[in-house]
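Some notes on the structure that comes next.
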Amino acid sequence: MSILTKQISEEIINSIILAQSDGLLPDFDLPDHIHLSNPKQIEWGDYSSAFPLQMSKQLSLSPISIAESIQKKLISNTMFENVTVSKPGFLNVTLSVDWLCASVEAVLEKGSSFADLQEFEGKEAQVEFVSANPTGPLTVGHGRGGVIGDTLSNLLTSVGYKVTREYYYNNAGRQMQILGESLRIRYLQSLGRDLSLSEHHYQGDYLVDLSTQLVDNYGDSLVESHWKEFTKIAEENIASQQHSTLSDLNIVMDILYNEQSLYEDGSVDNVIEILKSKGLAYEKDGALWFALTILGGSEDRVIVKSSGDPTYRLPDISYHCNKLERGFDLVVDVLGADHKDSFPDVLLGVQAMGYDSTKIKLLMHQFVNIKGQRMSKRSGNYITLDNLIEEVGADVVRFFMLMRTSESHLDFDVDLAREQSEKNPVYYVQYAHARICSILDRAESIVANDSDKVIINLTHESERVLMRKLLELSDTIDRSVRELSPHYLTNYARDLASSFHAFYGACKVLDVENIQLSKSRINLVKAVQIGLLRALELLGVTAPESM
RNA sequence: GCCCCUGUAGCUCAAUUGGAUAGAGCAGCGGACUUCUAAUCCGCAGGUUAGAGGUUCGAGUCCUCUCGGGGGUACCA
């Protein structure tokens, strides 16, 4: 099944061609797509296009006359019940009930993949997300990135990509030493030694918890151990906790990419050599600088400090080259706003290394602000992702994280999220599914074991809207992928649920007085269930059968 | 100082990338369950889209300036 608006667009273009061959319209270069929007007034139909307005100047014709010429050819199309032209020069189409019914029948035939697209069949994509340092528990910000990345991965899969979910495991550099030292000090404190952390050490309670575990398991046998031993223990422990947190959110990574390996296999040195040989790296003040200004960047940056340690930009460049070397057609970095500045530098580095950096896309998200009574910050501690999941549940976390566009700040209202009531949009959507299940259970007793998929004559306005909304899932998936904006899916799920609830209120599905109509409505409800389940599946939210 | 994001109803946000009379939810008010789940539905009210200019048939959306909020601006990641 193809995208709904694309089908309409093709019909309009065909009508333009017909109008041209009849001399109703002059010849002009046809666009490959007619842009359609959902008009605000019911009398303007299901979709409308401003195409006649846009072409008016070029063709030296009035918008109305262009629209009327297209209308003359489009009106006989059985896909449409009505084609109208309105004031400044809009072309409006109303889908025919027969066409809608037949399309919904096709949903039943195709099942849950009905809205999937084959556009990127055979292509491979990599989505890198979360990529937290193994130095502490995941934050709610990581949670946002995680949910965005995972849902985007689902979406990319639904348009044909083979997707690799990847977590860049940042376990090299000085921060790991600090982690080891911090744990060592906590451990010695647990044994009663009078020591304290410095300002730069990791202050969180999680290292205290870990150190008491160490005392329980090893007693004082680790007293003489080097910080490196403690780093190893802390890293393993924290990483496994991070992944257990992610798995609570239904997120499973395919690959944990180890930063350390970039040093071990010489990739990082290779980047230095190539940049040097191209005259893009130079020594100054004992450090090695990347000459970004030559490549159009805003300013040169240090890639190897005078201490001999690389800055994060260097392994980042190396890592992104490695991604492209693995042959991905699309690489998406899901990053928090704090990383935004370095992204262009990495792209320039990748380009300088001779790779096609246009395959790498950025999906940046802003931070999460936690609002609510019981989640107020305790002294010295911040709210972890674990706390949040425990407080409101995984479904709610996933849904709320995807309610806003990723580039806007997200106010996470914990009081609202915790509320199991009509105020909570997650339950609104899930309740629609539970209602559907309930209807379908009862349907068995009225129309026993009926396997035919016929849908006819669903003419009520709420039925029309519901059918159209269901068929728009393909548009939503397409747009979410095109714009790397998974939040459209959340809006879609709410809209579809809303259309269903309105239909439920207006139309009795199970009506013993009218078996034929009941059969069609039951089939419609089955199709809506398929669509709603699919949307929730892509969002990673469960669909309870009763509530 | 400079760069990026952002400012829309009392609150939280949409608005299909420049289209028609700016839409939802919550909060407020009024209706609808002896009838498929009332975690629902229907209706009312709520706006100078921060402000001022500009671009054009047409601006919440684009350009300039001013004012608020956030982030960055490291030889941290």
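Naming: A, B, ... by sequence-line order, numbering from 1 per chain. In this text the structure is predicted, and so the values were computed from the model without any measurement.
Look at B:A15: it lacks any Watson-Crick or wobble partner with both distances under 3.5 angstrom. In a base pair of the Watson-Crick type (N1 to N3 plus N6-O4 or O6-N4) or a G-U wobble (N1-O2 and O6-N3), with each distance short of 3.5 Å, B:U8 is matched with no nucleotide. The partner of B:C2, taking Watson-Crick or G-U wobble pairs whose two distances both stay under 3.5 Å, is B:G72.
Counting non-hydrogen atoms under 4.0 angstrom, A:Ala50 reaches a base of the nucleic acid. Within 4.0 Å (heavy atoms only), A:Asp495 reaches no atom of the nucleic acid at all. Counting non-hydrogen atoms under 4.0 angstrom, A:Asn92 reaches a base of the nucleic acid. Note on A:Phe367: only backbone sugar-phosphate atoms sit closer than 4.0 angstrom, heavy atoms only; bases stay farther off. A:Ser342 comes within 4.0 angstrom of no nucleic acid atom, judged by non-hydrogen atoms across all strands. Residue contacts shown for A:Ala287 include a base, since a base heavy atom lies under 4.0 Å away. Residue A:Cys437 is classed as having no contact, given no heavy-atom separation below 4.0 Å to the nucleic acid. Within 4.0 Å of A:Ser306, counting heavy atoms only, lies at least one base atom of the nucleic acid.
Comparing B:G7 with B:G51, their P atoms sit 13 Å apart, to the nearest whole Å. B:A50 and B:U16 have their P atoms separated by 16 Å, given to the nearest Å. Distance noted for atom C1' between B:U8 and B:G23: 11 Å (whole Å). Taking atom P on both B:G72 and B:G58, the two are 42 Å apart, rounded to the nearest angstrom.
Checking B:U40, B:A77, B:U12 against the side-chain heavy atoms of A:Gln175 singles out B:A77 as nearest.
Looking at A:Ser48, its side chain comes within 3.5 Å of the base of B:A20 through a donor and an acceptor atom.
With respect to A:Arg468 and A:Glu472, a salt bridge is recorded, a charged nitrogen being found less than 4.0 Å from a carboxylate O.
For the 3.5 Å distance criterion, the side chains of A:Tyr312 and A:Asn170 fail to qualify, holding no donor opposite an acceptor.
In this structure, A:Phe90 does not count as stacked on the base of B:G19 under the 5.5 Å centre distance and 30° plane angle limits.
Toward the 5' end of RNA chain B, the nearer of the two residues A:His501 and A:Arg301, judged by each one's closest nucleotide, is A:His501.
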